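Sequence positions, counted from 1, serve as the residue numbers for this chain. Please read these numbers as outputs of a predicted model, since none were measured by experiment.
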Amino acid sequence: MDCIKIFAPATVANVSCGFDAMGFALETLGDEMEFSRNNSGVVTISKIEGADLPMESANNVAGFVAQAMLEDAKANFGVDIQITKKYKPGSGLGSSAASSAGAAFAINQLLGNQYSMVDLVRFSMLGEELACGSRIADNVSAAIFGGFVLIRSYEPLDVISIPTPKELFVTVLHPQIELKTADGRKVLPSKVPLKKAVAQWANVGGLISGLHSNDYGLIGRSLEDVIVEPARKLFIPHFDLVKESVLKNGALGAGISGSGPSIFALSKGEAQARIVAKTMDETYCNKGLEYNIYVSKIGDSGTRIIE
């Protein structure tokens, strides 16, 4: 295989209660990337569309991950990368994760599938460290595996796929402002009261149980974040108003996607998800901010080959 074109999905991380431990992939939103094998022995990036990102491979997460994998595999070839971003970096929808996961998946294909899916997550985490200073795995795991994932452990890395109810849809409001993940991590509390910790891990257990049992009510009741959301929502214009509005109009639950500024809401069925989208639009349309709204089924497939 000398050339491969892939789709790498956008992702929602944390899923309210599962900070750094849970995430899921979207089906219809993501990036397209093309990787061409050559004899140069180096990684280059010849095109980036849709975002102002570094062309130097050492400073670009896709190039960085690709180089790390080629060196680890002692490959005797180089790769040129072309990136088409379909949504803005700093969205809270795993933009850097899509690039990192896309690179890991594609390079593995060019290497003849030498690495496991967990290995691909591990390589993708190098891109996340370059982007935000931390080797976080929630977004990249969702982008690699698809569906819902749980990062049960970081040392050793243990990624668990969680079943996704067939009628579960997500609606995402993306205000067109940029919040860097590194900045979002700076406002997090360094200590958590035991009472809040108990509430948080109880919600994680409830969310996973609801996903396994197709209990949409339990899924909704479990989408409560008592630790991270109170600190981060202050940077997201009209967050409380949007959340209150969508819950009143049938959403199962809502929260911050990743570190923000995107706001996600889960619904049972596409029709309800589109009602939530209309509610988000009506809530935000007169606030003087540009924004995009996406409706998507939860993406069962992660990063994949496209024609």
Side-chain angles (χ1 to χ4, degrees), residues 9-18 22-30 86-88 91-95 139 142 146-148 162-177 179 203 206-208 210-211 213-226 228-230 232-233 235-300:
T11 49
V12 169
N14 303 336
V15 201
S16 291
C17 53
M22 291 194 71
F24 64 81
L26 277 66
E27 183 177 70
T28 55
L29 181 66
K86 300 292 188 177
Y87 61 105
K88 291 178 63 174
S91 61
L93 291 169
S95 177
N139 283 110
F148 273 84
I162 308 297
T164 302
K166 292 183 179 180
E167 294 185 78
L168 197 61
F169 279 74
V170 63
T171 309
V172 178
L173 169 68
H174 176 200
Q176 296 296 287
I177 60 175
L179 289 181
N203 281 325
L207 177 55
I208 292 175
L211 291 168
S213 61
N214 295 319
D215 188 332
Y216 292 90
L218 179 56
I219 291 170
R221 295 196 304 276
S222 302
L223 290 176
E224 182 180 1
D225 177 5
V226 298
V228 177
E229 185 177 293
R232 285 181 167 172
K233 72 178 184 178
F235 298 95
I236 303 173
H238 314 292
F239 173 82
D240 285 333
L241 179 60
V242 172
K243 183 174 181 178
E244 180 182 0
S245 298
V246 299
L247 292 178
K248 284 182 178 179
N249 284 276
L252 298 171
I256 301 171
S257 179
S259 59
S262 289
I263 304 169
F264 81 94
L266 294 181
S267 296
K268 182 180 180 181
E270 184 177 1
Q272 179 59 57
R274 296 202 177 278
I275 291 172
V276 170
K278 185 173 183 292
T279 300
M280 287 178 170
D281 185 41
E282 291 172 346
T283 304
Y284 239 69
C285 66
N286 60 353
K287 297 297 188 292
L289 287 169
E290 294 185 9
Y291 58 94
N292 291 325
I293 297 176
Y294 309 103
V295 175
S296 176
K297 195 173 183 179
I298 308 303
D300 292 335

Pairwise distance [atom1]([X]) to [atom2]([Y]) - rounded to 0.5 angstrom:
| X | Y | atom1 | atom2 | value |
| --- | --- | --- | --- | --- |
| T279 | Q272 | OG1 | CD | 8.0 Å |
| I293 | K278 | CD1 | NZ | 11.0 Å |
| I208 | I162 | CD1 | CD1 | 4.5 Å |
| I263 | E229 | CD1 | CD | 9.0 Å |
| M22 | S16 | CE | OG | 10.0 Å |
| H174 | N292 | NE2 | CG | 7.0 Å |

**OP:** Verify side-chain contact (heavy atoms from CB on, under 4.5 Å) between L26 and I298, making sure each step is shown before the conclusion.
**Re:** CA-CA 5 Å; L26 277 66; I298 308 303; over 6 Å; no
Subject >> By ring-ring contact (aromatic ring centres under 6.0 Å, His included) - contacts of Y284 (at least two apart) >> reply: H238, Y291
Original post:
Got a sec, which residues hit ring-ring contact (aromatic ring centres under 6.0 Å, His included) with F148, two or more places apart in sequence or on another chain?
Top reply: F24
What I'd like to find out is whether the side chain of [X] reaches to under 4.5 Å of the side chain of [Y], using heavy atoms alone.
| X | Y | answer |
| --- | --- | --- |
| P261 | F235 | no |
| I219 | L266 | yes |
| S245 | L241 | yes |
| L211 | L207 | yes |
| N14 | I256 | no |

Between [X] and [Y], what is the shortest heavy-atom contact and its length?
| X | Y | result |
| --- | --- | --- |
| V295 | A273 | CG1-CB, 3.8 Å |
| I177 | P237 | CD1-CD, 3.7 Å |
| K233 | F239 | CB-CD2, 3.5 Å |
| S257 | L93 | OG-CD2, 3.4 Å |
| L223 | G253 | CD1-CA, 3.7 Å |
| N249 | V276 | O-CG2, 4.4 Å |

**OP:** Kindly determine whether S259 and R232 satisfy side-chain contact (heavy atoms from CB on, under 4.5 Å), including the steps that lead there.
**Re:** CA-CA 7 Å; S259 59; R232 285 181 167 172; 3.6 Å; yes
**OP:** Apply side-chain contact (heavy atoms from CB on, under 4.5 Å) to L168 and L252, showing your working.
**Re:** CA-CA 10 Å; L168 197 61; L252 298 171; 3.8 Å; yes
**OP:** For K287, look at atom NZ and say whether over 12 heavy atoms of other residues, nucleotides or ligands are found less than 6.0 Å away.
**Re:**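 Correct, the count exceeds 12.
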**OP:** May I have the step-by-step check of side-chain contact (heavy atoms from CB on, under 4.5 Å) for L218 and R221, ending in yes or no?
**Re:** CA-CA 5 Å; L218 179 56; R221 295 196 304 276; 3.5 Å; yes
Subject >> Donor-acceptor pair, side chain of S296 and main chain of T28, under 3.5 angstrom >> reply: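 Yes, because the side chain of S296 sits within donor-acceptor range (under 3.5 Å) of the backbone of T28.
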Subject >> Side-chain donor/acceptor of Y294 to backbone N/O of V170, under 3.5 Å >> reply: no
